[in-house]
Protein chains: 2
Amino acid sequence: MTAVEQRVAGFEGQLRDAGLRMTQQRRLILRVLAEADDHPDAKGIFTRAFAHDPTLSLSTVYRTMKVLETQGAIERHAFEDGVSRYEHADQEHHDHLIDVESGEVIEFSSDAIEELQRRIAAELGYELVRHRLELYGRKKRPGTRGKKG
Amino acid sequence: MTAVEQRVAGFEGQLRDAGLRMTQQRRLILRVLAEADDHPDAKGIFTRAFAHDPTLSLSTVYRTMKVLETQGAIERHAFEDGVSRYEHADQEHHDHLIDVESGEVIEFSSDAIEELQRRIAAELGYELVRHRLELYGRKKRPGTRGKKG
DNA sequence: ACGCTATTGCAAAGCACTTGCATCTGTCAA
DNA sequence: TTGACAGATGCAAGTGCTTTGCAATAGCGT
């Protein structure tokens, strides 16, 4: 069983456990999500899935994304352009750095930043529930180190 | 001259310098923005301004916001609901903490976080251009300290 | 005061996303 | 397997925010 198949199976299990039906459309969308290593939006997911099943509709994609988000199976992000982008949630928490020139999205995580945010919220009298952190940057030309795939 | 009047005058100067016309509508919107101490959206700005000039249109508000943003006179933010909110830009850089229960927006700034972000970007091979940081929190009940107006 | 052209108001359009409704299809029971 | 019900789907229409085409209006320099 490939990693993708495992992810799809995992998604299926989550749905079943929630008493939801595993339809062909959901299976297909799940597979598309599991195979994605980027952050596609609804239209992007639709396009990829549509190639396998031309009867699929965009509304089903939106509805499925909502269900999956409720189940915690995916995460939704809205970067600067405001459109919702999705990624499967079977990974550690991370934030995003967006290349302002290419639009490429790079994931990163930093315990230091997480901790700092919690402390700042606490100082303001708040308990941190969640956060949104996006860095927008430009690739450094010379001696680029620490690049990420 | 009040602080609000100074802000409006400052905005006017920016427009003039850019060869743009100072219309009644812009003056009014500028005043509304200068008087605002929150983060109103276009409709909110329109409503406040409309009270003073019932001929104003919402499109003019949108167009004016775009002009002002281009001039760097205001900043546009889109929090979780996705709608654009605006604030005048004659202040230091800051980020936002949003009260998840009341929707209240609290401003804060932290050199430590700014520096950390720059360092993280650098480690990924990027030069930080800008960032978006929003904390979503819930007010702590007991012994609340460091609260902010 | 005059004229050029930026700006405005209005209505229509654009876009991402949601929803009403009739139809279809998982799923579970027999 | 079959039947039946409720959930899911496709389509088209509807939302809500924002933009835009166009004709009329009004700043601003001369």
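In what follows, every chain begins at residue 1, and chains take the letters A, B, ... in the order their sequences are listed. Keep in mind that the numbers below use all heavy atoms, side chains included, and drop hydrogens, waters and symmetry copies.
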Looking just at side-chain N and O atoms, do His93(A) and Glu75(A) make a donor-acceptor pair shorter than 3.5 Å? no
Without decimals, in angstroms, what is the distance between Gln24(A) CD and dT27(C) C1'? 14 Å
Using atom CG of Asp81(A) as one end and atom P of dC17(C) as the other, report the distance to the nearest whole Å. 9 Å
Axis-to-axis angle for the helix from dA1(C)-dT30(D) to dA30(C)-dT1(D), ends of five pairs each, to 10°, equals 30°
Go through the structure and list residues passing salt bridge (Lys or Arg N to Asp or Glu O under 4.0 Å) with Glu35(B), not counting sequence neighbours. Arg31(B)
Asp41(B) CG - dG16(D) P separation (whole Å): 14 Å
Can you tell me how far C1' of dA16(C) sits from CE of Met65(A), to the nearest Å? 14 Å
Excluding sequence neighbours, so at least two apart, what forms side chain to side chain donor-acceptor pair (under 3.5 Å) with Arg21(B)? none
What is the distance from CZ of Phe50(A) to C1' of dC11(D), rounded to the nearest Å? 13 Å
How close or far is atom C1' of dC28(D) from atom CZ of Arg27(B), stated in whole angstroms? 12 Å
Straight-line distance of Asp99(B) CG to Leu97(B) CG, nearest 0.5 Å: 7.5 Å
Taking side chain to side chain donor-acceptor pair (under 3.5 Å) as the test, write out the residues that go with Tyr86(A), two or more places apart. none
May I ask you to say whether Glu114(A) pairs ionically with Arg118(A), meaning some side-chain N is under 4.0 Å from a carboxylate O? no
How far does CG of Leu128(B) sit from OH of Tyr126(B), to the nearest 0.5 angstrom? 12.0 Å
Within residues 70-79 of chain B, the residues having a heavy atom closer than 4.0 Å to DNA chain D are none
Ignoring backbone atoms, test whether Tyr62(B) places a side-chain nitrogen or oxygen under 4.0 Å from the OP1 or OP2 oxygen of dT18(D). yes
How are the rings of Phe79(A) and His77(A) set to each other: parallel, tilted or perpendicular (split at 30° and 60°)? parallel
Provide, to the nearest angstrom, the distance between the NZ atom belonging to Lys66(A) and the C1' atom belonging to dT9(D). 15 Å
CE of Met65(A) to OG1 of Thr70(A), rounded to nearest 0.5 Å, is 11.0 Å
Given atom NZ of Lys43(A) and atom C1' of dC15(C), what is their separation to the nearest angstrom? 8 Å
Once base and sugar-phosphate atoms are separated, protein heavy atoms under 4.0 Å mark nucleotides 5-14 of chain C, 5' to 3', with B, S and - as BBSBBBB---
Run the numbers on Val67(A) and Leu15(A) for side chain to side chain contact (heavy atoms under 4.5 Å, CB included), then give the verdict. CA-CA 9 Å; Val67(A) 167; Leu15(A) 287 180; 3.9 Å; yes
Pick from Arg132(B), Arg76(B), Arg130(B): which one makes a salt bridge (Lys or Arg N to Asp or Glu O under 4.0 Å) with Glu80(A)? Arg130(B)
